[in-house]
Amino acid sequence: MDSRYDHTLHEEKTYQLWAGADAFNPDSRPSRTGRRFSIAMPPPNANDPLHIGHAMFIALEDILIRYHRMLGDDTLWQPGTDHAGIETQFVFEKKLAKQGQSRFNFDRETLYQMIWEYVQENSGIAVNQMKKLGASADWSRFHFMLEPELVETVLETFKKLHEAGMVYRDLKLVNFCTRCGTSFSELEVNYIDQQTPLYYVRYPLADNPRDHLVLATTRPEPIFVDTHLAVHPDNPKTKHLIGKKVLNPLTQSEMEIIADEFVDPEFGTGIVKLTPAHDPNDFEVAQRHHLPIISAIDTRGRMTENGGKYAGLKVKKAREEVVKDLQAAGLIEKIDEKYAHRIGTCYRCGTVIEPLPLPQFFIKVKPLVEPVLSALDNDEITIHGAGHDKILRHWLENLKDWNVSRQIVWGVRLPVWYQIDGHERDIIISAAARESGQISDNLYSILKRFSLTEILENIQKITVGPNVPYVISATKPAGNYIQETDTFDTWFSSAQWPFSTLLANEKKHDRDTATSRTDFDRFYPTSVMETGYDILPFWVMRMLMIGKFATGRFPFHTVYLHGLVRDPKGQKMSKSKGNVINPLDMIAKYGADALRMALVIRSSPGLDKSVGETDFRAMRNLGNKIWNAARYVMNAQHQPKTDRSLDEKVASKMPKGDPQFTDKISRLVDTITQQLNDYKIGLAAETVYNEFWHWFCDECIEQNKAGELSDEQLLQGLLTFLKLLHPFVPFVTEAVWQELRQQGVISQDEKLLILSSWPAGKMK
RNA sequence: GGCCGCAUAGUCUCAGUUGGUUAGAGCGCUCGAUUCACAUUCGAGAGGUCCCAGGUUCGAGUCCUGGUGCGGCCACCA
């Protein structure tokens with residue numbers, strides 16, 4: 001054995017050894033305990049290279065998986081990758097842009113195929129990188145989110161929700177990003193503080209145009225569609241205005257003043273203009289009072305034809321023009337330039353979110369949320385993660401109905417079919433026509449020029465009026481129907497990951513035929529969901545909601561939330577700061593064991609973790625320490641002590657070994673076992689590190705040198721430590737194990753450390 | 001504004017298990033050692049008002065109340 005452990009000589013080889021023995025596949029060995037342990041791996045984006053956050057989840061989950069495998073549980077780590085709808089389409093569109101193209105050059109089907117191929121090209125990268133980290137997932141069960149078997153489950157769940165009356169289509173104000181060209185749920189909107197001008201606009205009174213009311217607004221540009229103003233019904237200053245009429249400062253049409261309690265009498269002048277099509281509050285007021293909802297801004301962020309002379313202008317430009325015109329007409333009282341304001345932006349690209357009235361599909365969340373809340377109340381679900389259970393509760397209690405429609409192609413297409421006959425004028429088709437470029441018109445007009453088949457082949461997207469009847473069905477219904485072009489929110493499919501993957505295993509492979517149990521029966525519910533706290537509301541919450549609904553059971557009862565990985569100074573890693581740590585570089589330099597251990601040791605659920613190169617170096621040293629401790633123990637086995645008298649003296653003093661040593665070892669096993677059972681992974685890593693280095697190496701090996709501890713006990717100690725260390729640093733411990741076998745120090749039957757049994761302590 | 005989290009050695013990063021001996025680790029620092037498993041090493045050492053103020057207790061880093069500082073989530077209205 002070399003005097004140094006060189007990870008580059010062992011990691012690849014060791015992983016091959018495990019894979020060759022089918023060590024990750026639960027079908028290749030019987031359970032020794034009758035218990036099961038399963039984890040659904042959070043699927044990384046199929047086309048993304050791994051970052052340090054992935055290394056964190058791989059390390060934590062692999063520790064749990066290896067531990068339970070060694071305990072003898074029926075252990076499955078179910079791997080896969082995600083299509084990551086908007087993320088991926090966004091990246092792909094940037095690639096298209098570099099080639100001077102855009103998604104508008106392609107029909108829906110072609111674009112989908114192009115993205116599919118792009119993702120396939122890159123999909124091996126993530127998996128190979130996970131293997132480099134030592135992930136002992138069962139790759140024979142690997143799934144990709146858009147495989148037909150998984151999509152089938154997603155569609156079934158939607159149908160089931162529909163049949164339970166929990167799906168509806170409604171014209172609502174949705175959060176729309178005009179750059180990404182799609183709507184988002186409330187979770188994907190980032191609010192940022194901004195200083196924007198607050199305009200005080202004069203509205204001439206209808207019966208006396210020389211007099212006027214003044215009200216404050218940050219958004220003057222849609223004034224031309226406004227039809228009403230509002231005041232608080234009990235505000236003495238404005239009470240007399242209720243029912244009065246003013247003139248729209250841009251169009252001179254008459255506007256009525258209504259009363260609604262939502263108006264804050266203290267703000268501005270206590271008078272509000274209502275723009276129901278572009279403000280969530282105003283929208284609600286409009287519904288209460290049955291006011292018209294007139295759109296002023298379209299999905300590309302331009303003023304609609306309702307905008308008269310402003311039509312076609314972008315929002316920002318239109319605002320400038322409107323203000324200029326109002327000023328020219330003497331209708332601006334004053335401008336507060338430094339009004340502090342919060343503004344919704346797209347979490348993806350930072351563009352200002354426009355609330356737009358669009359018909360979208362919604363899932364009623366109330367019936368989904370309630371079982372989760374009561375499960376939290378009854379401690380049926382345990383969340384490890386520094387108070388994030390309370391954040392989850394807060395989300396659940398305030399959740400709005402879930403808008404699952406996305407106007408992108410990269411995803412699961414909604415199984416929604418609109419009835420064509422009699423509704424041709426309410427169905428707007430956008431298509432990439434071969435000769436005429438892009439066309440966009442209602443179906444009635446387009447059918448005069450093209451056949452329906454031609455249209456369907458070249459379709460990009462459809463926009464369907466809110467009153468067109470539809471059918472929900474995985475396959476095309478008989479008759480004249482056209483399928484919705486929207487796709488599901490990515491999180492709607494990932495919410496089903498813990499069971500859609502297991503169901504797909506049976507569809508694809510007919511697993512475990514010996515016991516005739518399906519993977520779903522065998523591994524569902526999964527044992528623990530381990531993921532970052534940053535996707536608690538997006539993913540974990542939705543998995544609980546949808547999993548319970550679709551399967552009748554929660555997909556897991558324990559959640560472990562790890563924190564963000566930060567740089568050595570505790571700062572967030574970002575490309576612009578240049579402090580990003582690439583896990584692959586660290587693996588090349590210090591080894592996967594070192595990377596894993598550095599991330600995990602002393603980490604705490606729910607709290608962020610700082611790491612830097614000095615940490616990786618320190619943990620690389622641990623690998624070397626293990627290697628050299630093993631070298632010493634092996635030599636001790638082979639070379640009898642030269643000082644016979646000392647040996648005899650020792651033998652007479654401790655004929656059956658040192659009971660204190662044995663006792664300490666089994667107490668240690670108990671401690672670490674308990675810590676792992678309690679999900680105190682960071683603490684378990686620290687304990688085994690300290691005890692191995694500072695007790696076993698610093699004390700026990702020295703005692704052996706002095707003849708105070710027998711060789712046999714020392715060997716037993718080493719073997720126990722190799723097992724205890726294995727989940728944390730799998731490569732070096734397995735490499736040592738193989739050396740011990742080759743040198744005949746341990747039995748040839750003990751083929752692999754990964755499949756050996758966890759040491760027994762004193763505990764039951 | 002509502003809720004949540006964090007505060008422990010050196011301008012560092014963090015553990016601390018049910019409330020129980022002298023509060024720990026990594027990195028850094030000082031002094032020394034080593035052909036003897038490992039210089040990717042070993043030994044010795046310096047370094048602490050456990051944020052502050054009260055309280056509960058035989059006993060508080062740990063539990064309670066209030067405060068301070070930092071961070072996060074959410075709601076903030078035209």
Side-chain angles (χ1 to χ4, degrees), chain A residues 1-7 186-187 191 193 198-201 215-220 222-223 226 229-231 262-264 266-275 278-282 285 339-342 385-395 397-398 533-534 536-537 563-564 566-572 590-591 594 597-598 601-604 606-636 671-672 674-675 678 680 682-687 689-690 693-694 697-698 701-702 704-705 714 718:
Chain A
M1 274 173 95
D2 296 334
S3 69
R4 288 181 185 186
Y5 172 69
D6 182 351
H7 65 270
E186 55 175 322
L187 305 191
Y191 290 90
D193 287 312
L198 182 64
Y199 305 93
Y200 287 77
V201 182
L215 59 84
T217 180
T218 54
R219 297 209 68 176
I223 282 179
D226 294 350
L229 303 184
V231 296
F262 100 98
V263 181
D264 178 1
E266 303 301 317
F267 186 88
T269 55
I271 309 169
V272 184
K273 77 182 179 70
L274 294 176
T275 311
H278 302 288
D279 181 282
N281 267 324
D282 299 359
V285 177
Y339 176 64
H341 190 49
R342 269 196 113 174
H388 285 279
D389 53 326
K390 287 171 187 157
I391 293 177
L392 174 63
R393 183 180 290 277
H394 186 263
W395 271 108
E397 283 165 354
N398 295 289
Y533 67 73
D534 51 333
L536 175 68
L564 251 56
R566 293 176 179 268
D567 83 355
K569 293 246 153 100
Q571 291 187 302
K572 237 175 172 166
Y590 303 107
M597 194 62 168
I601 194 165
R602 265 165 275 133
S603 72
S604 224
L607 298 180
D608 295 349
K609 172 75 180 169
S610 289
V611 288
E613 276 211 56
T614 56
D615 300 300
F616 302 129
R617 197 180 305 130
M619 292 307 131
R620 188 261 328 253
N621 296 353
L622 171 67
N624 195 58
K625 194 76 181 172
I626 295 169
W627 183 256
N628 275 291
R631 276 178 73 209
Y632 174 84
V633 173
M634 272 189 264
N635 283 331
T671 303
I672 291 169
Q674 193 57 52
Q675 286 169 342
D678 292 344
K680 291 173 176 166
L683 187 56
E686 184 177 21
T687 307
Y689 175 98
N690 283 335
W693 197 307
H694 298 302
C697 293
D698 291 355
I701 289 183
E702 295 309 312
N704 176 269
K705 287 180 190 169
L714 196 67
L718 176 71

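So you know, we letter chains A, B, ... as the sequences are listed, proteins then strands, and number each from 1. Here the structure is a predicted model, which means the values were calculated and not measured.
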* **C1' spacing across the pair B/C52 / B/A60, given as an integer number of angstrom** => 16 Å

* Please give the nucleotide sitting opposite B/A9 as a Watson-Crick or G-U wobble pair, both distances under 3.5 Å, or none. => none

* Counting side-chain heavy atoms from CB outward, which of B/G5, B/G43, B/G24 is closest to A/Arg602? -> B/G24

* Give, for atom NE2 of A/His388 and atom CG of A/Leu536, the distance between the pair rounded to the nearest 0.5 Å. => 7.5 Å

* To do: Indicate, with a heavy-atom threshold strictly under 4.0 Å, whether A/His388 touches base, sugar-phosphate, or nothing.
  => nothing

* Structure fact -> On RNA chain B, more 5' by nearest nucleotide between A/Asp678 and A/Asn398 is A/Asp678

* Structure fact -> B/G1 -> Watson-Crick or G-U wobble partner, both distances under 3.5 Å, gives B/C74

* Asked: When all nucleic acid strands are considered with a 4.0 Å heavy-atom cut-off, which category describes A/Asp282: base, sugar-phosphate, or nothing?
  -> nothing

* To do: Check every strand shown and say whether A/Ile701 touches a base, only sugar-phosphate, or nothing at a heavy-atom separation below 4.0 Å.
  => base

* Asked: Under 3.5 Å, is there a donor-acceptor pair linking the side chains of A/Asn704 and A/Tyr632?
  -> yes

* Might you work through the side-chain contact (heavy atoms from CB on, under 4.5 Å) test for A/Asn628 and A/Asn624, ending with a clear yes or no? => CA-CA 6 Å; A/Asn628 275 291; A/Asn624 195 58; 3.4 Å; yes

* To do: State which of B/G26, B/U17, B/A37 makes the closest approach to the side chain of A/His694.
  => B/G26

* Structure fact -> Rounded to the nearest 0.5 Å, the CG atom of A/Leu622 sits from the OH atom of A/Tyr5 at a distance of 11.0 Å

* Gap between atoms CZ and C1', on A/Arg219 and B/A78 respectively (whole Å) -> 11 Å

* To do: Give a yes or no on whether a donor-acceptor pair under 3.5 Å exists between the nucleobase atoms of B/A37, that is its base, and the side chain of A/Lys705.
  => yes

* Asked: Given B/C77, B/A37, B/A15, which nucleotide is nearest the side-chain atoms of A/Glu702?
  -> B/A37

* Closest nucleotide among B/A37, B/C77, B/A78 to the A/Cys697 side chain -> B/A37

* To do: Would you mind pulling out the nucleotide paired to B/A23, Watson-Crick or G-U wobble, both distances under 3.5 Å?
  => none

* Using a cut-off of 4.0 Å on non-hydrogen atoms, how would the nucleic acid contact of A/Arg631 be classed: base, sugar-phosphate, or nothing? -> sugar-phosphate

* Taking atom C1' of B/U13 as reference, at what distance in whole Å does atom CD1 of A/Ile601 sit? -> 12 Å

* From A/Lys680 NZ over to A/Gln674 CD, what is the distance, rounded to the nearest 0.5 angstrom? -> 8.5 Å

* State whether A/His394 places a side-chain N or O below 4.0 Å from either non-bridging phosphate oxygen (OP1 or OP2) of B/G5. => no

* B/U40 versus B/C29 - spacing of their P atoms, nearest Å -> 15 Å

* A/Tyr689 OH to B/G24 P: how many Å, rounded? -> 17 Å

* **d(CD1, A/Ile391; P, B/G2) in whole Å** => 17 Å

* Given B/U40, B/G26, B/C73, which nucleotide is nearest the side-chain atoms of A/Arg4? -> B/U40

* **Nearest-nucleotide pick for A/Lys390, side chain only, options being B/C27, B/C4, B/C77** => B/C4

* Could you tell me whether the phosphate oxygens of B/A37, OP1 or OP2, come under 4.0 Å of any side-chain nitrogen or oxygen in A/Ser3? => no

* Please check the phosphate of B/C42 (OP1 and OP2 only) for any side-chain N or O of A/Trp693 closer than 4.0 Å. => yes

* Asked: Expressed in whole Å, how much space separates the C1' atoms belonging to B/A78 and B/G5?
  -> 34 Å

* Asked: Cation-pi between A/Lys625 and A/Tyr689: NZ/CZ under 6.0 Å from ring centre and within 45° of the ring axis?
  -> no

* To do: Tell whether A/Lys625 reaches the base of B/C38 with its side chain through a donor-acceptor pair below 3.5 angstrom.
  => yes

* Hey, does the side chain of A/Asn621 come within less than 4.0 Å of B/U41's phosphate (OP1/OP2), counting only N and O? -> yes

* Asked: The side chain of A/Asp698 lies closest to which of these nucleotides: B/C27, B/A25, B/G43?
  -> B/G43

* Could you tell me whether A/Trp395 contacts a base, only the sugar-phosphate backbone, or nothing, with contacts defined as non-hydrogen atoms closer than 4.0 Å? => sugar-phosphate

* May I ask you to say what A/Ala216 touches in the nucleic acid, namely base, sugar-phosphate or nothing, with a heavy-atom cut-off under 4.0 Å? => base

* To do: Please state how far atom CD1 in A/Ile672 lies from atom P in B/U17, giving the value in whole angstrom units.
  => 16 Å

* Asked: Of all the nucleotides listed (B/C4, B/A78, B/G16), which has the minimum atom distance to the side chain of A/Ser604?
  -> B/G16

* To do: Could you measure between the two P atoms, the one in B/A9 and the one in B/G26, and give it in whole Å?
  => 16 Å

* Say you pick atom P in B/G48 and the same atom in B/C36; how far apart are they, in whole Å? -> 39 Å

* Using Watson-Crick or G-U wobble geometry with both distances below 3.5 Å, tell me the partner of B/C51, or none. => B/G67

* Asked: What nucleotide among B/A37, B/C14, B/A78 has an atom nearest to a side-chain atom of A/Lys273?
  -> B/A78

* Base, sugar-phosphate alone, or nothing: which one does A/Tyr533 contact when heavy atoms must sit under 4.0 Å apart? -> nothing

* Relative to the 5' end of RNA chain B, which residue comes earlier, A/Asn628 or A/Arg617, by the nucleotide with the nearest heavy atom? -> A/Arg617

* **A/Tyr5 OH - B/U41 P separation (whole Å)** => 16 Å

* Asked: When rounded to the nearest Å, what value does the distance between P atoms of B/U30 and B/C73 take?
  -> 41 Å

* Of A/Val285, A/Ile271, A/Val272, which meets side chain to side chain contact (heavy atoms under 4.5 Å, CB included) against A/Val263? -> A/Val272

* Structure fact -> Here the distance between atom C1' of B/A15 and atom CD of A/Glu686, to the nearest Å, is 4 Å

* To do: Please work out if A/Thr275 contacts a base, only the sugar-phosphate, or nothing of the nucleic acid, heavy-atom cut-off 4.0 Å.
  => nothing

* Regarding A/Asp608 and A/Tyr533, is there a side-chain donor-to-acceptor distance under 3.5 Å anywhere? -> yes

* Asked: Can you tell me how far C1' of B/G71 sits from CG of A/Asp608, to the nearest Å?
  -> 9 Å

* Asked: Between the side chain of A/Trp627 and the main-chain N/O of A/Asp2, is any donor-acceptor distance below 3.5 Å?
  -> yes

* With sugar-phosphate meaning primed atoms plus P, OP1 and OP2, does A/Phe616 contact a base, only sugar-phosphate, or nothing at under 4.0 Å between heavy atoms? -> nothing

* Asked: For atom P, what is the distance between B/G66 and B/C50, given to the nearest Å?
  -> 23 Å

* What integer number of Å spans the P atoms of B/A44 and B/A25? -> 12 Å

* Can a donor-acceptor pair under 3.5 Å be found between the side-chain atoms of A/Asp264 and the base atoms of B/C77? -> yes

